[in-house]
Colleague: 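Next up is a structure, given as structure tokens.
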Amino acid sequence: ELGDFRRSIELNRESQEIGHRVKNQNVELSALINIGYDHFHLGETDKALVVLQESLVRVEKSAFGAHRWRWAMHLATYLAEILLALGRPEKALLQADKALLGARATGSLKYLGKAHLLRGRIALAGGNWSGGETELREALDVARRIEYPNLVWPAAHGLAVALASRTE
């Protein structure tokens, strides 16, 4: 979160190894997800996609108890973001929709907001300004309700972009 993604990868590899050694799948998986997202922030999108897709397969095949649904939503949001960056909006939308369904089913407002943010970004990338605006307004509404600045800022920015497109 502080922007030192190379160091973050090192620390997360250490965490992954510890989780594996003590047989704590949740610690290990959390570290792997972080590693994938660090690669994304370093511009290594292909590497990030592989790490996160492998992590998703692991979540779907292994028992993670009460954490399984949260890992699935978490991975779906990251995968949607990466797939959008790779220019695969249809696949990104599938992941965003998975996150949205999971968030609605579990009442997870943070992931509900993130899913709407992603759906808004995907709509804007496809030139669907009104659809993007609707999704981004929903994301911003959720972000404000839960007082989550890390969602308020990108949702507000995305909405500003969508609204500015009206005048172009």
Side-chain angles (χ1 to χ4, degrees), residues 1 5 8-9 11-41 44-86 88-123 125 131-132 134-155 158:
E1 291 181 2
F5 301 109
S8 179
I9 287 174
L11 294 172
N12 280 301
R13 288 261 182 243
E14 184 179 334
S15 179
Q16 176 196 2
E17 290 167 10
I18 292 168
H20 182 74
R21 189 172 59 245
V22 300
K23 299 186 186 329
N24 186 325
Q25 288 191 73
N26 284 307
V27 169
E28 189 178 355
L29 184 65
S30 179
L32 282 169
I33 292 169
N34 290 341
I35 289 166
Y37 207 52
D38 290 338
H39 283 302
F40 176 63
H41 281 100
E44 301 166 350
T45 49
D46 290 332
K47 197 180 276 190
L49 187 60
V50 168
V51 170
L52 295 175
Q53 285 176 327
E54 288 174 356
S55 297
L56 183 59
V57 168
R58 187 170 173 191
V59 166
E60 291 170 345
K61 289 185 176 183
S62 300
F64 282 91
H67 296 277
R68 186 176 187 177
W69 62 272
R70 187 164 300 277
W71 290 132
M73 280 189 302
H74 192 80
L75 283 161
T77 59
Y78 282 1
L79 284 167
E81 193 171 345
I82 291 166
L83 289 163
L84 180 60
L86 288 169
R88 302 180 194 163
E90 299 84 14
K91 290 186 178 193
L93 185 58
L94 290 173
Q95 292 299 325
D97 286 346
K98 283 182 187 178
L100 185 63
L101 288 172
R104 285 181 178 154
T106 60
S108 179
L109 294 178
K110 176 179 164 182
Y111 286 97
L112 181 70
K114 285 183 175 195
H116 282 295
L117 173 65
L118 287 162
R119 287 172 51 86
R121 286 179 173 169
I122 293 164
T134 299
E135 293 290 345
L136 292 163
R137 282 187 190 281
E138 187 63 33
L140 185 56
D141 179 57
V142 171
R144 286 179 173 155
R145 272 190 287 150
I146 63 174
E147 299 179 0
Y148 185 43
N150 289 346
L151 184 55
V152 169
W153 302 327

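Starting from 1, each residue takes its place in the sequence as its number.
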Colleague: side-chain contact (heavy atoms from CB on, under 4.5 Å), that's the test. Do Gln25 and Arg58 meet it? Break it down for me.
Modeller: CA-CA 10 Å; Gln25 288 191 73; Arg58 187 170 173 191; 3.9 Å; yes

Colleague: Just by distance, do the side chain of Thr77 and the backbone of His74 share a donor-acceptor pair under 3.5 Å?
Modeller: yes

Colleague: Looking only at non-hydrogen atoms, find the nearest pair between Trp69 and Ser108 and report the distance.
Modeller: CZ3-CB, 4.2 Å

Colleague: Heavy atoms only: give me the nearest Ile122-Pro89 pair and the separation to one decimal.
Modeller: CG2-O, 3.8 Å

Colleague: As an exercise, state the distance from CD of Gln16 to CG of Asn34, rounded to the nearest 0.5 Å.
Modeller: 10.5 Å

Colleague: Which heavy atom of Ile35 sits nearest a heavy atom of Arg13, and at what distance?
Modeller: CD1-NH1, 3.5 Å

Colleague: Verify side-chain contact (heavy atoms from CB on, under 4.5 Å) between Glu90 and Leu94, making sure each step is shown before the conclusion.
Modeller: CA-CA 6 Å; Glu90 299 84 14; Leu94 290 173; over 6 Å; no

Colleague: Roughly how far, to the nearest 0.5 Å, is the CG atom of Asp38 from the OG atom of Ser8?
Modeller: 3.5 Å

Colleague: Using modelled atom types and a 3.5 Å cut-off, is there a donor and acceptor pairing between side-chain atoms of Arg68 and backbone atoms of Glu60?
Modeller: yes

Colleague: Please report the C-alpha distance between Leu56 and Trp71 in whole Å, then the side-chain angles of each, then the deciding distance to 0.1 Å, and finally whether the side-chain contact (heavy atoms from CB on, under 4.5 Å) criterion is met.
Modeller: CA-CA 8 Å; Leu56 183 59; Trp71 290 132; over 6 Å; no

Colleague: With rounding to the nearest 0.5 Å, note down the distance linking NE2 in His39 to CD in Glu44.
Modeller: 5.5 Å

Colleague: Identify the two heavy atoms, one from Met73 and one from Ala103, that lie closest to each other, and give their separation to 0.1 Å.
Modeller: SD-N, 3.1 Å

Colleague: Are Arg137 and Asp141 within salt-bridge range, i.e. N to O under 4.0 Å?
Modeller: no

Colleague: Tell me, do Tyr148 and Lys114 make a side-chain contact under 4.5 Å, heavy atoms counted?
Modeller: yes

Colleague: Atom CD in Glu28, atom CD1 in Ile33: separation rounded to 0.5 Å?
Modeller: 11.0 Å

Colleague: Counting only heavy atoms not in His41 (residues, nucleotides, ligands), do more than 12 fall under 6.0 Å from its NE2?
Modeller: yes

Colleague: Please give me the minimum heavy-atom distance between Lys98 and Ala76, naming the atom from each residue.
Modeller: CB-CB, 4.3 Å

Colleague: Within the side chain of Ser15, is there an N or O that forms a donor-acceptor pair under 3.5 Å with the backbone of Leu11?
Modeller: no

Colleague: Within the distance-only criterion (no hydrogens, no angle test), does the side chain of Ser30 pair as donor or acceptor with the backbone N or O of Asn26 below 3.5 angstrom?
Modeller: no

Colleague: Does a donor on one side chain and an acceptor on the other come within less than 3.5 Å for Tyr37 and Glu81?
Modeller: yes

Colleague: Assess whether side-chain contact (heavy atoms from CB on, under 4.5 Å) is satisfied between Lys91 and Leu86, documenting all intermediate values.
Modeller: CA-CA 10 Å; Lys91 290 186 178 193; Leu86 288 169; over 6 Å; no

Colleague: Could you tell me if the side chain of Leu84 sits less than 4.5 Å from the side chain of Arg88, heavy atoms only?
Modeller: no

Colleague: Do Arg70 and Thr106 come close enough that some side-chain heavy atom pair is under 4.5 Å?
Modeller: no

Colleague: Taking side-chain contact (heavy atoms from CB on, under 4.5 Å) as the criterion, tell me which of Leu100, Leu151, Leu136, Leu140 meets it with His116.
Modeller: Leu100

Colleague: Gly113 and Ala139: which non-hydrogen atoms are nearest, and at how many Å?
Modeller: O-CB, 3.5 Å

Colleague: CG of Leu52 to CD1 of Ile82: how many Å apart, nearest 0.5 Å?
Modeller: 4.5 Å

Colleague: Which value, rounded to the nearest 0.5 Å, describes the distance between Leu112 atom CG and Leu117 atom CG?
Modeller: 11.5 Å

